[in-house]
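Reading through the structure tokens given below for one structure.
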Amino acid sequence: MRCLPAILRSFATTLLILLVFASSARTEVEVRIQEEIWALPLPLPMFAYLVRPVGDGPFPLVIMNHGVSLKPTDRSFFPLVEFRDAAKWFATRGYLVVAPVGTGYGAAAIDIPERALFGPFFSKVGKCTNPNFHDAGLAVAQVDLWIIDFLAAEKRIIPKDVIVVGQSAGGWASIALSSVNPPQVKAIITFAAGRGGRVGGKPNNNCAPHKLIEATADFGRTSRLPMLWIYIENDTFFGPDLSKRMHAAFTAAGGRAEYHLMPPFGNEGHFFIGSPDAIPLWSPLVTKFLDAQK
């Protein structure tokens with residue numbers, strides 16, 4: 001009978017632990033979210049996919065920047081939502097997520113030079129003999145600043161609790177954004193970031209990679225925001241050797257970036273973030289990184 005209190009204490013401790021876990025799980029499951037399509041009245045108006053917790057907010061903000069296609073025909077068929085599952089993952093954790101559809105995509109993807117018709121696509125890098133990676137990144141970064149200002153004015157977001165996420169050229173724009181250190185942004189996450197991948201549609205054929213590395217170093221000279229860079233081994237746009245050189249140049253110049261190279265994923269790792277199957281692979285890294293920013 002003398003052992004009974006110890007047994008009861010052990011049982012009570014176990015029960016308390018189970019209740020804590022059950023409460024945590026229930027809280028996450030009960031975060032209800034809603035999906036919307038917005039027309040953003042920015043200086044360059046654009047559509048955006050938006051997903052957020054149900055309620056009035058304000059919420060912390062996640063902006064998700066998509067990649068680019070240099071072909072007007074491909075841009076005309078660009079999906080309205082590229083990262084739906086990833087966006088919903090952030091929304092269930094309390095974020096208001098905005099994924100803008102860049103100007104020059106969808107119905108605005110008109111480029112017929114012989115008729116003097118040009119779509120509002122402003123993210124070209126030019127010829128590989130002298131590409132302008134720098135300004136192409138900053139152009140999209142400016143859109144992120146417009147979105148932050150608009151949502152802050154609408155009192156939809158917590159102005160200084162913004163995370164920017166980008167994939168491919170959208171990730172490159174996010175690196176560019178870090179170079180101006182906007183005070184509203186507390187962290188940046190990139191997936192397969194870069195420009196000039198697969199020239200002519202050929203795998204591992206990059207446009208002036210030395211120029212890309214130089215531009216990365218240039219951004220790193222002024223960038224001081226914490227960043228998480230995620231690349232994938234079988235990415236044929238920005239392979240491991242190039243991404244490691246970009247990271248080395250960025251950090252040597254003074255930038256702050258945590259680099260992770262993920263194992264091969266599917267047939268083409270470049271589109272890793274767009275797959276729901278990838279969420280269990282990248283979410284622990286992202287969760288740990290974001291927790292460190294609190």
Side-chain angles (χ1 to χ4, degrees), residues 63-70 123-141 144 163-182 185 187-200 202-265 268-274 278 281-282 285-286 289:
I63 299 175
M64 302 190 77
N65 295 319
H66 64 67
V68 305
S69 172
L70 299 180
S123 193
K124 294 178 180 177
V125 298
K127 296 181 179 179
C128 288
T129 51
N130 188 29
N132 187 346
F133 295 123
H134 188 275
D135 289 351
L138 288 174
V140 180
D144 291 343
I163 308 296
V164 176
V165 180
Q167 185 263 349
S168 191
W172 177 249
S174 304
I175 294 173
L177 178 68
S178 80
S179 72
V180 299
N181 300 296
V185 178
I188 291 174
I189 303 166
T190 69
F191 290 81
R195 286 303 305 264
R198 288 186 66 120
V199 176
K202 297 179 181 178
N204 302 304
N205 186 37
N206 293 88
C207 174
H210 63 290
K211 291 281 188 181
L212 184 65
I213 293 167
E214 287 176 8
T216 309
D218 187 46
F219 288 142
R221 289 185 185 96
T222 56
S223 173
R224 294 299 177 266
L225 290 173
M227 302 184 71
L228 173 65
W229 292 12
I230 297 175
Y231 288 89
I232 304 85
E233 283 187 15
N234 64 330
D235 182 340
T236 65
F237 289 74
F238 308 106
D241 178 66
L242 178 56
S243 65
K244 288 175 182 177
R245 290 167 65 194
M246 290 170 62
H247 179 256
F250 185 80
T251 53
R256 299 170 58 193
E258 179 183 327
Y259 176 94
H260 287 273
L261 183 64
M262 307 295 289
F265 183 83
E268 172 56 73
H270 189 66
F271 304 106
F272 180 68
I273 191 177
L281 303 178
W282 58 256
L285 289 176
V286 169
F289 172 73

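FYI, the numbering just counts along the sequence from 1. The figures here come from the full heavy-atom set of this structure, side chains too, leaving out hydrogens, waters and symmetry mates.
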About how many Å separate [atom2] of [Y] and [atom1] of [X], when rounded to the nearest 0.5 Å?
| X | Y | atom1 | atom2 | value |
| --- | --- | --- | --- | --- |
| L228 | H260 | CG | NE2 | 5.5 Å |
| F238 | S168 | CZ | OG | 5.0 Å |
| S174 | I163 | OG | CD1 | 11.5 Å |
| M227 | F219 | CE | CZ | 10.0 Å |
| N65 | L177 | CG | CG | 8.0 Å |
| F250 | S179 | CZ | OG | 8.0 Å |

Tell me if a side-chain donor or acceptor on [X] pairs with a main-chain N or O of [Y] at a distance below 3.5 Å.
| X | Y | result |
| --- | --- | --- |
| Q167 | H270 | yes |
| N132 | D135 | yes |
| N181 | T222 | yes |
| E233 | P240 | no |
| D235 | G269 | no |
| Y231 | A193 | yes |
| N204 | R198 | no |
| R195 | C207 | no |
| S178 | I175 | yes |

Check against side chain to side chain contact (heavy atoms under 4.5 Å, CB included), R245 and T216: CA-CA 9 Å; R245 290 167 65 194; T216 309; over 6 Å; no

Residue pair I232, E268: steps toward the side chain to side chain contact (heavy atoms under 4.5 Å, CB included) verdict: CA-CA 9 Å; I232 304 85; E268 172 56 73; over 6 Å; no

For R256, all residues meeting salt bridge (Lys or Arg N to Asp or Glu O under 4.0 Å), sequence neighbours excluded: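 With neighbours one apart ignored, the set is empty.
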
Determine the minimum heavy-atom distance between [X] and [Y], stating which atoms define it.
| X | Y | result |
| --- | --- | --- |
| F237 | N206 | O-ND2, 2.7 Å |
| A176 | G137 | CB-C, 3.5 Å |
| G255 | R224 | N-NH1, 4.1 Å |
| I213 | A249 | CG2-CB, 3.7 Å |

Pair L212-L242, side chain to side chain contact (heavy atoms under 4.5 Å, CB included): steps then yes or no: CA-CA 9 Å; L212 184 65; L242 178 56; 4.2 Å; yes

For V164, the option from I189, L225, D144 that meets side chain to side chain contact (heavy atoms under 4.5 Å, CB included):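 Going through the options one by one, the only one that passes is D144.
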
Determine the interplanar angle of the [X] and [Y] rings, folded into 0 to 90°, and report it as parallel if under 30°, tilted if 30 to 60°, perpendicular if over 60°.
| X | Y | value |
| --- | --- | --- |
| Y259 | H247 | tilted |
| F133 | W172 | perpendicular |
| F272 | F191 | tilted |

From CA spacing to verdict: side chain to side chain contact (heavy atoms under 4.5 Å, CB included), I230, I273: CA-CA 10 Å; I230 297 175; I273 191 177; over 6 Å; no

